[in-house]
Amino acid sequence: MNAFYPILATLAAYLIGSLSFAVIVSRVMGLHDPRTYGSGNPGATNVLRSGSKAAAIATLLLDAIKGWLPVALVHWFGRPYGLGDGTLAAVGLAAFLGHLYPVFFRFQGGKGVATALGVLLGISGWLGLATALTWLIIAYFFRYSSLASLVAAVFAPLYYVLFSGVAWYAEAPITAAIVAMGLLLIWRHRENIKRLMAGKESRLGKKADTKAKG
């Protein structure tokens, strides 16, 4: 029974993470499937290329919430059920993996930036805010969402470790989960890295051709 609740929480987090809100919001708002235009990535940045800021904002918030909610629930209610730092780390990583490989969408998911941010906010509001601020600064000055995401992915685990004892206390399982998310984010951006190096990456604010891919 001791293992039942952690396993149940981790599975539930993965299923919540598997809700691809880029696709869901686009369908509800009568937009093209984000997997058929732009980068083909079901995420808020690609939804923005449809020209609908409302859809992009809704996608961003919902993708972040699905990362934050499972972690926050374990934080608030997990202790009586034996859900400690190990479960919190597993739940956060599971929600993130659900976004990357959603069971409801043939395991074809997004890159996980907003969901990872939600997980970090669930771990610590200050950690999430510091990482979000890093993303915003890079995005503002360089106008590349992918570059901002890559820099944030590197800095998030550094913030967590370096500021331990100031705003939070770093725990090994959570550190490992944050590092794993960062590495997966970098891996999911490998094509973006190639385009950045070739000078062919799309900048923020550029509207994509939303005709379905042939």
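These figures come from a predicted structure and were not determined experimentally. FYI, the numbering just counts along the sequence from 1.
In this structure, R188 satisfies the cation-pi test against Y101, with its NZ or CZ atom closer than 6.0 Å to the six-membered ring centre and inside 45 degrees of the ring normal.
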side-chain contact (heavy atoms from CB on, under 4.5 Å) evaluation trace for I138 with L150 | CA-CA 10 Å; I138 301 299; L150 290 165; over 6 Å; no
Can Y5 and L83 be said to form a side-chain contact (heavy atoms from CB on, under 4.5 Å), step by step?
-> CA-CA 7 Å; Y5 290 119; L83 307 183; 3.9 Å; yes
I123 and L88: side-chain contact (heavy atoms from CB on, under 4.5 Å), yes or no, with the steps?
-> CA-CA 8 Å; I123 293 169; L88 190 146; 3.9 Å; yes
side-chain contact (heavy atoms from CB on, under 4.5 Å) assessment of F21 paired with S26 | CA-CA 8 Å; F21 285 112; S26 295; over 6 Å; no
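No side-chain donor-acceptor contact under 3.5 Å links W168 to the backbone of S124. Under a 3.5 Å cut-off, the side chain of N46 and the backbone N or O of N41 do form a donor-acceptor pair. Between the side chain of R190 and the backbone N or O of W187, at least one donor-acceptor pair lies under 3.5 Å. In terms of modelled atom types and a separation under 3.5 Å, the side chain of S164 and the main chain of A170 share a donor-acceptor contact. Side-chain atoms of T115 never come within 3.5 Å of backbone atoms of G67 as a donor-acceptor pair (strictly under, hydrogens ignored). Side-chain atoms of R27 never come within 3.5 Å of backbone atoms of A22 as a donor-acceptor pair (strictly under, hydrogens ignored).
Taking each heavy atom of P102 and S18 in turn, the nearest pair found is CB-O, 3.2 Å. Of all the heavy atoms in P6 and A3, the pair that sits closest is CD-O, 3.4 Å. When every heavy atom of V23 is checked against every heavy atom of P42, the shortest pair comes out as CG2-CB, 4.1 Å. When all heavy atoms of M29 and S52 are compared, the pair lying nearest together is CE-OG, 3.9 Å. Residue D63 comes nearest to L19 through the heavy atom pair OD1-O, 4.2 Å, listed as atom of the first residue, atom of the second, then distance. Shortest non-hydrogen contact noted between I186 and A153 is CG1-CB, 4.4 Å.
For the pair V103/Y14, a side-chain contact is recorded, criterion being any heavy-atom separation below 4.5 Å from C-beta on. In this structure the side chain of E201 reaches within 4.5 angstrom of the side chain of S146, judged on heavy atoms. Side chains of L93 and T10 form no contact here, defined as non-hydrogen atoms less than 4.5 Å apart. With a 4.5 Å cut-off on side-chain heavy atoms, F104 and S20 do not count as touching. Between R195 and S202 the shortest side-chain heavy-atom distance does not fall below 4.5 Å. Looking at heavy atoms from C-beta onward, T175 lies out of side-chain contact with E171 at the 4.5 angstrom threshold. For the pair W68 and V119, the minimum side-chain heavy-atom distance is 4.5 Å or more. Side chains of H32 and S50 form no contact here, defined as non-hydrogen atoms less than 4.5 Å apart.
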Got a list of side-chain donor-acceptor pairs under 3.5 Å for residues 106-113, not counting sequence neighbours?
unit_1, atom_1, unit_2, atom_2, d
K111, NZ, N192, OD1, 2.5

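To the nearest 0.5 Å, atoms CD1 (I57) and CG (L48) are separated by 8.5 Å. Distance check, rounded to the nearest 0.5 Å: NE2 of H189 to OG of S149 gives 4.0 Å. Rounding to the nearest 0.5 Å gives a distance of 8.0 Å between OG1 of T131 and CD1 of I178. To the nearest 0.5 angstrom, L117 atom CG is 11.5 Å from F96 atom CZ. Here T87 contributes atom OG1 and I7 contributes atom CD1; the two are 9.5 Å apart, rounded to the nearest 0.5 Å.
Under a hydrophobic-cluster definition in which Ile, Leu, Val, Met, Phe, Trp and Tyr are linked whenever side-chain heavy atoms come within less than 4.5 Å, directly or via other members, L120 and I137 are assigned to the same cluster. Tracing side-chain contacts under 4.5 Å through hydrophobic residues (I, L, V, M, F, W, Y), one never reaches V154 starting from L183; they form parts of separate clusters. Hydrophobic clustering places L129 together with I174 (ILVMFWY residues linked when any side-chain heavy atoms are closer than 4.5 Å, directly or through intermediates). The hydrophobic clustering, which links ILVMFWY residues whose side-chain heavy atoms are closer than 4.5 Å, places Y81 and V71 together. Hydrophobic clustering (ILVMFWY, side-chain heavy atoms < 4.5 Å, transitive): L127 and Y169 are in distinct clusters.
By the 6.0 Å contact criterion, CZ on F105 is enclosed, its count of non-hydrogen atoms from other residues, nucleotides or ligands being greater than 12.
L60 forms part of no hydrophobic cluster, judged by ILVMFWY side-chain heavy-atom separations under 4.5 Å.
Side-chain N/O atoms of T134 and Y159 include a donor and acceptor closer than 3.5 Å.
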